[in-house]
Structures are given as C-alpha cells and as structure tokens.
Amino acid sequence: MARGITESDVHTAADALVTAGERPTVERIRAHLGTGSPNTVTRWLETWWQGLGDRLQTQQGRLAVPDAPEAVATLAGEWWSLALEHASAAALKALAADRSALQAEQQALQRERDGFATEVTALRGQVDAAAQAERLASTQATELQRLASRLEGQVEEMARQRDAALARAGEAESARQAADLRIQTLQDAASAERESLAQHVRAVEDRAHAEIDRARQEAKELEARLATVTKEHAAITKSLVETAEHAKSVAADAVREAGAQLARANALEAQLAKLQDLPAALEAAWRRNETKPAARTASARKAKAVRRG
C-alpha cells in the first residue's frame, strides 16, 4: 500500500485541480499524486475544505477596493457572500459525497478485515495444532499482504485506465464528427453527381426524341416513295401485261399469216411442178409451128391487118 503523503501534499494537489477547473475528489487527488491511501487523502481533504472559507475571505480582502463607492462595495459584498454560500454548499455537497464514498470503502475494508481476522483465527488454530501449519499460515499471510498491495495497485491502474478511456472517448467523438463531416461531403458530392447524370440523361433523351422524330419523318417519306414506286410498278406491270397480250395477238396473227403463206407456197409448188412440163410442150408447139410457116405468115399478116383496121 502506498504511504508517505502529507497534508500539504493533499492541499497542493486540491489547489492544482481547482486551478485546472476540476472538483477535487479522493480519486483525482490520488491520481494527481500517484500515491496515497483513501483514508489519508480523505482526512487531509476534509481539512482543505474546512479551510476553504478562510482562504476565500482572505482572497476577498486582497481584492477589496478601498476607494469604491459604498453602494458598489455593498453590492460586491452581497455578490461575494452569495458566491461564498454557493461555494460552501458545493463544498459540503462534495464533502458529503466523499464521505459517503469513504464510508463505503471503509465498510469494504472492514469486511476484508473481518475476513482476514477469521482467516487469522483459523491459522492460529492451525498453529496450535502444528508448527508446520504455523509456517504455512505465516506464508499465506505474507501472500495475502502482497495480494492486498497488488489490488491497491490495480485500483490505481484502473483509475488511470478510466481517465485514458475518457480521453479515447473524446478522440472517438472527434473522429465521429470528422466521419459525419466526410459523409456529408460525400453525400453532397453524390447529389451533385446525381444531378449531373440526370441532366445528361435528359440531354440524351432529348437527342433520342429528336432522332425518333427524324426517323418518323424519314419513314413517312419512305412510305410516300414506296406508294409512288408501287403505283409506278403497277402501271409498268399493266403495261407489260398489255404488251404481252399484244405480242400474243401479233404472234397469233403471225401464225395465221405463216399458215396462209405455207398454203400459198404449197400451191406455188404444185404450179411449179406443172410448169416443169411446159418447156417440152412449148418446144413441141414450136416445132409444129415451123412446119407450117406459110400458114403462120398468113395468119400473122391477117392479125396485123386486123390490128391496123
């Protein structure tokens, strides 16, 4: 167990805590000094609270202004008295809390002492039973003493860990605030990006609508052209059908004409076959005419005379 602190050490630590803006308590003074038992610190802290009023009055005397008007001095005195009352009430309240904590610690220590006393009684009974049991009990008592010192050190370490945990909690709160700020920044950036994308989508939709309108117009033009081409194709088809019908008619006429020509050719061929015997007949007739020249001459003259007459 830690030892060696004085009343002056406790008062100085309490003044330092007040200067730092903290209320002096047993745990804070022990943490500030790094040593001291709760009973000793509580006892010297009570004397510090008891002397607080005198120190405040002394400080008031130091701050008094001799040349101040009576009304100002009276009002300042009332304010100072009110401050003293509030300080005294706060001091009494803090002292009551410290006393309550001290009583709780004392009760816990008393329970530990009772437990130790029971164990010592049992050890003494064992010492009476055998010397070896006495040595064992002495060893156990020493171990318990070391355990008590170790527990006190653990309590102090827990107090330091608590302060460190509070510091870490503050750091965590700062980190959380920074994270909130970062999240807000990211949300703002995301909103801006979303708005930019929405504008881009609207622009794309507008271009798409324009393209659709242009495609519709082109489709209408194509439909009109298709209707025109269809009409032209129908006219051409009709003309081709009429031409084909005319060609069929001409072909039929040509066939009929060919039949007639074939018939005439057959007739001419028959006549030609008959004419093949004509030279022989003419030659025979000519010969007959040569045998009768005189008659022929007379006939010729007669025929001339008839023509002249």
Side-chain angles (χ1 to χ4, degrees), residues 1-55 87-170 172:
M1 184 178 297
R3 299 182 179 84
I5 63 173
T6 63
E7 182 179 11
S8 177
D9 294 335
V10 174
H11 289 187
T12 301
D15 292 338
L17 291 173
V18 172
T19 302
E22 299 180 0
R23 185 175 67 85
T25 62
V26 175
E27 292 301 328
R28 288 177 178 173
I29 290 175
R30 293 183 64 200
H32 181 81
L33 295 176
T35 184
S37 66
N39 291 335
T40 303
V41 173
T42 301
R43 184 170 65 255
W44 297 137
L45 182 59
E46 288 181 357
T47 61
W48 182 84
W49 284 113
Q50 292 171 0
L52 179 61
D54 296 336
R55 289 197 299 276
S88 178
L92 291 176
K93 185 177 179 180
L95 183 60
D98 291 340
R99 284 179 177 175
S100 177
L102 177 62
Q103 289 178 358
E105 292 181 358
Q106 287 178 347
Q107 291 176 359
L109 291 174
Q110 184 61 42
R111 287 192 295 270
E112 291 180 359
R113 290 194 185 98
D114 293 341
F116 290 155
T118 302
E119 188 174 356
V120 168
T121 301
L123 291 174
R124 286 178 179 175
Q126 293 176 2
V127 168
D128 295 337
Q132 184 176 0
E134 181 181 1
R135 289 193 299 270
L136 180 59
S138 178
T139 301
Q140 291 178 351
T142 303
E143 183 64 25
L144 288 174
Q145 185 64 34
R146 286 197 299 269
L147 179 59
S149 299
R150 188 183 307 167
L151 290 174
E152 185 176 358
Q154 290 178 357
V155 170
E156 295 177 356
E157 181 63 22
M158 290 177 65
R160 287 192 292 270
Q161 291 178 1
R162 180 198 59 194
D163 295 337
L166 292 175
R168 289 194 298 272

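For the 3.5 Å distance criterion, the side chains of Thr6 and Asp9 qualify, holding a donor opposite an acceptor.
Contacts of Arg43 classified as salt bridge (Lys or Arg N to Asp or Glu O under 4.0 Å), with partners at least two apart in sequence or in another chain: none. By the salt bridge (Lys or Arg N to Asp or Glu O under 4.0 Å) test, Arg146 pairs with Glu143, sequence neighbours left out. Residues passing the side-chain contact (heavy atoms from CB on, under 4.5 Å) test with Gln154 are Arg150, Leu151, sequence neighbours excluded.
Closest of all the heavy-atom pairs between Pro24 and Val18 is CD-CG2, 3.8 Å. The two residues Glu156 and Gly34 make their nearest non-hydrogen contact at OE1-O, 4.2 Å. Scanning both residues, Arg23 and Arg28, for their nearest heavy atoms gives O-NH1, 2.9 Å. Of all heavy-atom pairs between Arg30 and Pro38, the closest is NH1-CG, 3.4 Å.
When side chains are defined from C-beta on, Thr47 counts as touching His11, because their heavy atoms get closer than 4.5 Å. Here the side chains of Ile29 and Trp48 are not in contact, with every heavy-atom distance at 4.5 Å or above.
How far CG of Asp128 is from CZ of Arg124: 9.5 Å, rounded to the nearest 0.5 Å. With rounding to the nearest 0.5 angstrom, the CD atom of Gln140 is 7.0 Å from the CD atom of Gln126. In this structure, Met158 CE and Asp163 CG are separated by 12.0 Å, a value rounded to the nearest 0.5 Å. In this structure, CD on Glu152 lies 12.0 Å from CG on Leu147, to the nearest 0.5 angstrom. Interatomic distance, CG of Leu166 versus CD of Gln161, reported as 12.0 Å (0.5 Å rounding).
With Thr40 contributing its side chain and Gly36 its backbone, the two residues share no donor-acceptor pair below 3.5 Å.
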